[in-house]
Protein chains: 2
Amino acid sequence: MHPTRLALDDDLRHHTPKKFDRTDRTACKTEGTGGRNRAVTMSTIARMAGGIQATVSRALNRREIVSPETLERIQQTIEATGYVPNLVAGALASSKSPMVAAVVPSITNIVYSGLIHHFIDLVRAAGYQTILVEAGFSAEEEEALVTSLISRRPDGILLTGVHHTNRCCSQLLSVGLPVVEIWDLTESPIDICVGVFTRRLARLWRTLPTAAAMPLPQPRWLAKNAPYAAGTPSAQPSRRWGTRRLCKLIVEGPASLERGRAALRVLLERGMQSGVIFGSSDLLAHGILIEAQARGLSVPADFSVIGFGDQDYATATLPPLTTVRVDRSDLGNRAADALLARINNMAPEQRAIDVGFSIITRGTTCSQRN
Amino acid sequence: MHPTRLALDDDLRHHTPKKFDRTDRTACKTEGTGGRNRAVTMSTIARMAGGIQATVSRALNRREIVSPETLERIQQTIEATGYVPNLVAGALASSKSPMVAAVVPSITNIVYSGLIHHFIDLVRAAGYQTILVEAGFSAEEEEALVTSLISRRPDGILLTGVHHTNRCCSQLLSVGLPVVEIWDLTESPIDICVGVFTRRLARLWRTLPTAAAMPLPQPRWLAKNAPYAAGTPSAQPSRRWGTRRLCKLIVEGPASLERGRAALRVLLERGMQSGVIFGSSDLLAHGILIEAQARGLSVPADFSVIGFGDQDYATATLPPLTTVRVDRSDLGNRAADALLARINNMAPEQRAIDVGFSIITRGTTCSQRN
DNA sequence: CTGAAAGCGCTAACAA
DNA sequence: TTGTTAGCGCTTTCAG
């Protein structure tokens, strides 16, 4: 193979925005009608089809109870006018919007968005639309958001995590909205919760042979277990955790490849010799692998790495990443099922649904017992 | 450093779900009240505070026009009852929900979610909540979704891409909803559009020195330019494109590290010698880097790689990734600005806003001219 | 099967 | 400043 030379034309390299003028306004609609043209409603359709508004409503919601001819006429006029029913009026009258709300800390984090993706699919299949909102990681922000969500009177609501302000919980409770909390498991959820049982994981950490370091946080419930305050990459003095010496490293902000790399640098500076590094996300763990490679260190010969999340790319790293897997699609599905069940007034069999987790052993750990 | 041994207790390794029973039902609410307890409304508050419903409405929306004492009394009762206003009634009465809708192909793809994140922030600052929905990559699905969104009467709507069904466009037009389309730029948007001017990018590709391969698609508008049908990883016979020989490789499905690795394997099998490989996303490009490394090939000595997206991790790869950057936060912000402007009935200065793009040169290309 | 009529909980004139 | 009164566009009894 020969080296490749690549030269970029300077004028192409940065493409400076081009301006359009607004001569072509074909699509602009506020013109011509002179003021807002009266919206077409059910009554409009009824009048045009020679019937009454209630019949149109029936034609739309329970087609089987109107005569075929009437139905036909109504459908034709609907088609002709391009009428779209007003769901907010419907929701007011029937006090049920076909809608649920989902609150996640971050929509850009695949850990949440992947799960929510499945959730949305399932509730959609049941006829519900999802209004998805981002709450950041603060319970106060969440409270404000939840209040404004409640004011939209969704049929149900999904919350991430189990730490909510008191106001938030009591509001939810007093409205009597079905709510499902995901990720953490608590034995006294607001309504139902589905997720993994945190203490189990913590216990797992504690029993592992040599815990060398543990970049944090991201999944909130890992963060919860951190005995040290967060700070910019800085190692804490090693201390005993369970029966092992643990050096915990808090990585501030969202996980990223770069933060993972930085984490390993810090750990090495602090004299880390060997052991296993826990990443609170696969991304962080992957960053650690890359930094190791850049420094000529070998994983798992020099140290082990365990990620969290089992993202799809965990099989594609060098070497493939050992990681903690929580079945997110399962979680999303169960959350949807549980919420739908509650919406339909079914008492849940269990109030806390544990989806469990497992360790997927790949190339970044050695699996021999010692 | 010494090798690390890692042994996992078998009973801990897989944590089988634990069952909870439902004895603790402290939080269950359908109990006690015997049937649905009448919801508290503005009238309830008014009665309790010794006033009239309209005053409560005023206290909530335009506090400055009610007397301090009345305000005080009302606020206290609201506090006491935990009353949350019903926005759907409000929306019906005022025919404005403080809400906009956003339609993206995929919420799990950071390319969209990153941008939407900014969009949401900005419109929220203006008092609007965003209902976010996923449309997949089909215009038909999108149409159905848009219809159901319209039925919720949002104040505005954001669409991804410029390819929509006719019904979709005409419905949007007939409702007279402010709409902003993002990513692609077209000179005849439904309402306004903000994004990058595709033809410019295509022209850039064409002038590059040696185009060896181009894994596709993901950004829809790259896909659009593909002269070959999609298929599982398989190289197309090289053909002339512009003045260069181009070997295009279509990668099916969403981009992933693994698909990038597979792509390089295929390209090598097909006898790729040198040149530059375009990834339609940074993830794909990163996969290519990893595979190169696994095979002992050197980038950019053996071949160059250019990604797309300038994700945060592009600086953290080995070597750092040269990539095409579209400022997504800028795009999200401008989209929000544009939509808000339209909602406030301001005629846009331009109907198409070009945010441009740039090539960020890092370590995976050599920059010497030839 | 179709009509008539009473709201759903709020906003927005208008009047006092 | 507060009270009165119409609706918003639909769902849902209840009669016909």
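Every chain is numbered from 1 and lettered A, B, ... according to where its sequence line falls, protein lines coming before strand lines.
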Whole-Å distance separating the [atom1] atom of [X] from the [atom2] atom of [N]:
X: A/Leu60; N: D/dG9; atom1: CG; atom2: P; answer: 16 Å
X: A/Glu72; N: C/dT2; atom1: CD; atom2: P; answer: 13 Å
X: A/Ile45; N: D/dC10; atom1: CD1; atom2: P; answer: 9 Å
X: A/Arg153; N: C/dC10; atom1: CZ; atom2: C1'; answer: 11 Å
X: B/Ile65; N: D/dT2; atom1: CD1; atom2: P; answer: 9 Å
X: A/Arg73; N: C/dC1; atom1: CZ; atom2: C1'; answer: 12 Å
X: B/Leu87; N: C/dC10; atom1: CG; atom2: C1'; answer: 10 Å
X: B/Ile74; N: D/dT2; atom1: CD1; atom2: P; answer: 8 Å

Checklist line | Which residue lies more 5' along DNA chain C, comparing A/Thr55 with A/Leu92 via nearest heavy atoms | finding: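 In this pair, the answer is A/Thr55.
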Mind checking side chain to side chain contact (heavy atoms under 4.5 Å, CB included) for [X] and listing every partner two or more places apart, or none if nothing turns up?
X: A/Ala341; value: A/Met346
X: B/Ser67; value: B/Glu69, B/Thr70
X: B/Ala135; value: B/Val103, B/Glu142, B/Leu145

Margin query: By the definition side-chain contact (heavy atoms from CB on, under 4.5 Å), identify the one residue from A/Asn109, A/Leu115, A/Leu132 that meets it with A/Val104.
Written below: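 Single pass found, and it is A/Leu132.
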Could you go through nucleotides 11-15 of chain C and list every protein N or O atom that sits under 3.5 Å from one of its N or O atoms, giving the distance for each pair?
residue : atom : partner : partner atom : Å
C/dT11  : OP1  : B/Asn61 : ND2          : 3.0
C/dT11  : OP2  : B/Ser57 : OG           : 2.4
C/dT11  : OP2  : B/Asn61 : ND2          : 3.4
C/dA13  : N6   : B/Arg58 : NH2          : 3.0

Next item on the list: Would you check if there is a donor-acceptor pair between the side chains of B/Ser43 and B/Gln53 at a distance under 3.5 Å?
Entry: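 No, no side-chain donor-acceptor pair sits under 3.5 Å.
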Margin query: Within the 3.5 Å criterion, strictly below it, is a donor on B/Arg152 or A/Gln129 matched to an acceptor on the partner's side chain?
Written below: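 Distance-only check passes for B/Arg152 and A/Gln129.
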Would you indicate, yes or no, if [N] has its OP1 or OP2 atom less than 4.0 angstrom from a side-chain nitrogen or oxygen of [X]?
X: A/Tyr83; N: D/dC10; value: yes
X: A/Thr70; N: C/dT2; value: yes
X: B/Thr41; N: C/dC8; value: no

Check: Using the C1' atoms of the five pairs at each end, what is the angle between the end axes of the helix from C/dC1-D/dG16 to C/dA16-D/dT1, to 10°?
Finding: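 It comes to 30° between the two terminal axes.
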Check: Taking atom CG of A/Leu339 and atom CD of A/Glu181, what is their separation to the nearest 0.5 Å?
Finding: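 Taking CG in A/Leu339 and CD in A/Glu181, the distance rounds to 11.5 Å.
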Notebook entry, point to check: Who are the side-chain hydrogen bond (donor to acceptor under 3.5 Å, both in side chains) partners of B/Thr41, not counting sequence neighbours?
Noted result: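 In terms of side-chain hydrogen bond (donor to acceptor under 3.5 Å, both in side chains), with neighbours along the sequence ignored, B/Thr41 is linked to B/Thr44.
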Item checked: Nearest-neighbour nucleotide for the A/Ile52 side chain, C/dC10, C/dA4, C/dC1 considered ->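 Within the option list, the nearest is C/dA4.
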Next item on the list: By nearest nucleotide on DNA chain D, pick out whichever of B/Val66 and A/Val88 is the more 5' one.
Entry: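 Checking each residue's closest nucleotide, the 5'-ward one belongs to B/Val66.
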Next item on the list: Could you walk me through whether A/Asp121 and A/Arg124 pass the salt bridge (charged side-chain N to carboxylate O under 4.0 Å, His left out) test, one step at a time?
Entry: CA-CA 5 Å; A/Asp121 268 7; A/Arg124 175 157 67 190; 3.7 Å; yes
